[in-house]
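Every value quoted in this text rests on a predicted model; they were computed, and no experiment measured them. One-based numbering along the sequence shown.
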Amino acid sequence: DNFTAILVMVLPIARATYQAFNTYATRAEERELHIAELQKLQDQISALYEATIKSLALAIDAKDQYTHQHIVRVQRYAIAIARHMNISGEDMQGITFGALLHDIGKLGIPEYVLLKPGRLTPDEFEKIKKHPQIGADILAHIEFPWPVIPVVKSHHERWDGKGYPDGLKREEIPLTARILAVADVYDAMTSSRSYRNAWPHDIVVEGIVKESGKHFDPVVVVAFQEVIRETIEAMKLEGWGPLALVDKPISGNDDNEQSAVKLIQIASSEIWARSLFGFTPRSAITKSVDFDNNQMIGRNSLAMPSMMKEEL
């Protein structure tokens with residue numbers, strides 16, 4: 001009788017326990033399936049974002065053919081710097097994809113400004129300075145899962161507060177944008193164009209170091225110095241980058257297209273001079289700029305000062 005009584009008491013408890021465990025196991029399995037489905041959906045969304053970014057990057061390339069690999073090289077340098085600074089997660093993704101899109105604002109610059117063969121007027125240069133903000137506005141309608149827009153908007157800000165579009169300074173500038181600023185300038189100066197050769201790596205590095213604390217974040221510059229040689233050596237083995245034996249710019253199929261592209265590059269060079277040094281050179285093709293005193297130096301001059309210069 002006692003045994004029967006015990007069974008009567010225990011069996012309902014055991015049954016309830018089993019049912020509760022079975023319900024829990026079923027829900028856990030459903031939860032795992034749900035998580036797996038969410039992860040799959042997240043991967044699909046990420047892939048869609050990446051495809052969108054690459055499509056937009058192709059649009060930038062179509063606008064400026066001679067800098068076809070510019071955004072890819074800038075991405076490579078920026079990622080190397082960021083890894084050395086132990087950046088990871090969303091910020092790393094922001095740099096990875098922000099690098100591909102950092103010049104998308106050029107799509108909103110009037111053709112008559114980009115194609116102008118002569119000196120830019122102050123009003124025209126003000127239009128050029130809007131391209132980071134234009135880029136941010138273009139991308140504002142895309143809900144990126146990573147901080148891409150701050151990279152695009154702020155990569156022309158300067159450590160000393162003299163950049164644009166917002167005149168941010170020091171840590172007010174997103175770290176990702178400070179990293180891209182160094183990568184962007186390095187590639188601009190070490191890349192060949194249709195009308196000039198690339199500047200030597202060592203001279204460009206020297207100039208960037210000289211701008212540390214003025215144009216660039218000193219911490220980023222140190223990281224850049226520590227990784228750039230290894231990075232470009234690896235790129236050389238892959239057949240591209242500033243140390244590659246042959247630089248292969250993409251040219252048009254006809255004279256008119258080549259002429260148009262060349263004019264874009266002339267204007268682009270003038271943009272670099274204005275944005276970096278605050279003045280426009282007399283000739284965007286055959287002159288160089290002394291970082292110290294803005295002295296104009298002929299391209300064929302054999303007397304290369306020790307300080308960095310950017311040929312335009």
Side-chain angles (χ1 to χ4, degrees), residues 50 53-54 56-57 60-61 64 67 69-106 128-139 144 146-191 204-205 207-209 211-228 231-232 235 241-242 268 271-272 275-276 310:
E50 291 181 26
I53 289 170
K54 290 176 181 177
L56 291 171
I60 301 171
D61 279 349
D64 197 349
T67 55
Q69 288 189 330
H70 166 69
I71 56 178
V72 181
R73 291 190 300 262
V74 169
Q75 182 191 55
R76 181 75 168 258
Y77 305 143
I79 289 174
I81 297 169
R83 283 176 177 165
H84 194 69
M85 296 179 68
N86 296 318
I87 292 176
S88 60
E90 292 185 355
D91 284 339
M92 178 60 83
Q93 294 293 82
I95 290 174
T96 299
F97 296 112
L100 293 179
L101 296 174
H102 73 276
D103 276 340
I104 193 172
K106 288 182 178 180
I128 290 295
K129 289 171 64 176
K130 292 179 181 179
H131 84 268
Q133 183 64 61
I134 292 172
D137 291 342
I138 291 173
L139 300 176
F144 291 104
W146 322 289
V148 171
I149 295 178
V151 180
V152 174
K153 184 177 181 181
S154 300
H155 74 279
H156 276 294
E157 300 287 0
R158 291 173 50 115
W159 184 251
D160 59 12
K162 297 179 180 179
Y164 58 87
D166 297 320
L168 303 178
K169 62 182 179 180
R170 302 175 72 89
E171 285 82 6
E172 293 175 351
I173 308 167
L175 176 58
T176 51
R178 284 179 261 154
I179 290 172
L180 192 76
V182 174
D184 193 23
V185 170
Y186 174 78
D187 186 71
M189 294 182 178
T190 56
S191 300
V204 175
V205 172
I208 289 176
V209 171
E211 288 294 304
S212 177
K214 293 181 286 186
H215 193 120
F216 306 115
D217 179 347
V219 175
V220 175
V221 171
V222 170
F224 163 77
Q225 287 180 272
E226 292 174 348
V227 301
I228 190 59
T231 302
I232 62 176
M235 293 170 69
S268 179
I271 293 167
W272 272 108
S275 64
L276 286 173
E310 180 189 8

Would a 4.5 Å heavy-atom cut-off, applied to side chains only, mark Pro165 and Lys153 as touching?
yes
Can any side-chain N or O of Glu172 pair as donor or acceptor with the backbone N or O of Lys169 at less than 3.5 Å?
yes
Quick one: are His156 and Lys129 in side-chain contact, heavy atoms under 4.5 Å?
no
So do His215 and Trp159 actually touch side chain to side chain, heavy atoms under 4.5 Å?
no
For the student: nearest non-hydrogen atoms of Val151 and Gly94, plus distance
CG2-O, 3.7 Å
Val221 and Asp217, any side-chain heavy atoms less than 4.5 Å apart:
no
I'd like to know whether Ser191 forms a side chain to side chain donor-acceptor pair (under 3.5 Å) with Arg73, so could you lay out the CA-CA distance, the side-chain angles of the two residues, the decisive distance to 0.1 Å, and finally the verdict.
CA-CA 10 Å; Ser191 300; Arg73 291 190 300 262; 2.9 Å; yes
Only one of His70, Gln69, Gln75 passes side-chain hydrogen bond (donor to acceptor under 3.5 Å, both in side chains) with Asp187, and that residue is His70
To the nearest 0.5 Å, atom CD1 of Ile81 lies from atom CD of Gln225 at 10.5 Å
Taking the side chain from Asp166 and the backbone from Leu168, do they hold a donor-acceptor pair closer than 3.5 Å?
no
Under 3.5 Å: donor-acceptor pair, side chain of His102, backbone of Ala99:
yes
Is there side-chain contact between Asp91 and Leu175, with at least one heavy-atom pair below 4.5 Å?
no
Working note: Tyr186 + Phe224, criterion ring pair (Phe, Tyr, Trp, His ring centres under 6.0 Å); need CA distance, chi angles, decisive distance, verdict.
CA-CA 10 Å; Tyr186 174 78; Phe224 163 77; 5.4 Å; yes
With rounding to the nearest 0.5 Å, note down the distance linking CD in Gln93 to OG in Ser88.
10.0 Å
Check whether any side-chain N or O of Glu211 sits under 3.5 Å from a backbone N or O of Phe216 as a donor-acceptor pair, and report yes or no.
no
Please lay out, stage by stage, how Met92 and Thr96 fare under the test side chain to side chain contact (heavy atoms under 4.5 Å, CB included).
CA-CA 6 Å; Met92 178 60 83; Thr96 299; 4.1 Å; yes
dist Thr190:OG1 -> Ile208:CD1 (nearest 0.5 Å) comes out at 8.0 Å
Closest heavy-atom pair, Gly98 versus Val152, reported as atoms and distance to 0.1 Å, is O-CG2, 4.1 Å
Would you say Glu157's side chain and Ala177's backbone share a donor-acceptor pair under 3.5 angstrom?
no
Find out whether Tyr77 and Ile232 are in side-chain contact, i.e. whether some heavy atom of one side chain is under 4.5 Å from a heavy atom of the other.
yes
Do His155 and Asp103 have side chains that get closer than 4.5 Å, going by heavy atoms?
yes
Over all atoms of both residues, closest heavy-atom pair of Ala136 and Ile149
CB-CG2, 3.8 Å
Heavy-atom count around Lys214 NZ within 6.0 Å, excluding the residue itself: above 12?
yes
Inter-residue atom distance His131.NE2 - Tyr164.OH, 0.5 Å rounding:
5.0 Å
Contact summary for Val220 and Ile179, nearest pair of heavy atoms:
CG1-CA, 3.8 Å
Spatial distance of atom CD1 (Ile79) from atom CD1 (Ile87) [nearest 0.5 Å]:
11.5 Å
Min side-chain heavy-atom separation Arg158-Ile173 under 4.5 Å:
no
If I take atom CZ from residue Arg178 and atom CD1 from residue Ile95, how far apart are they, to the nearest 0.5 angstrom?
10.5 Å
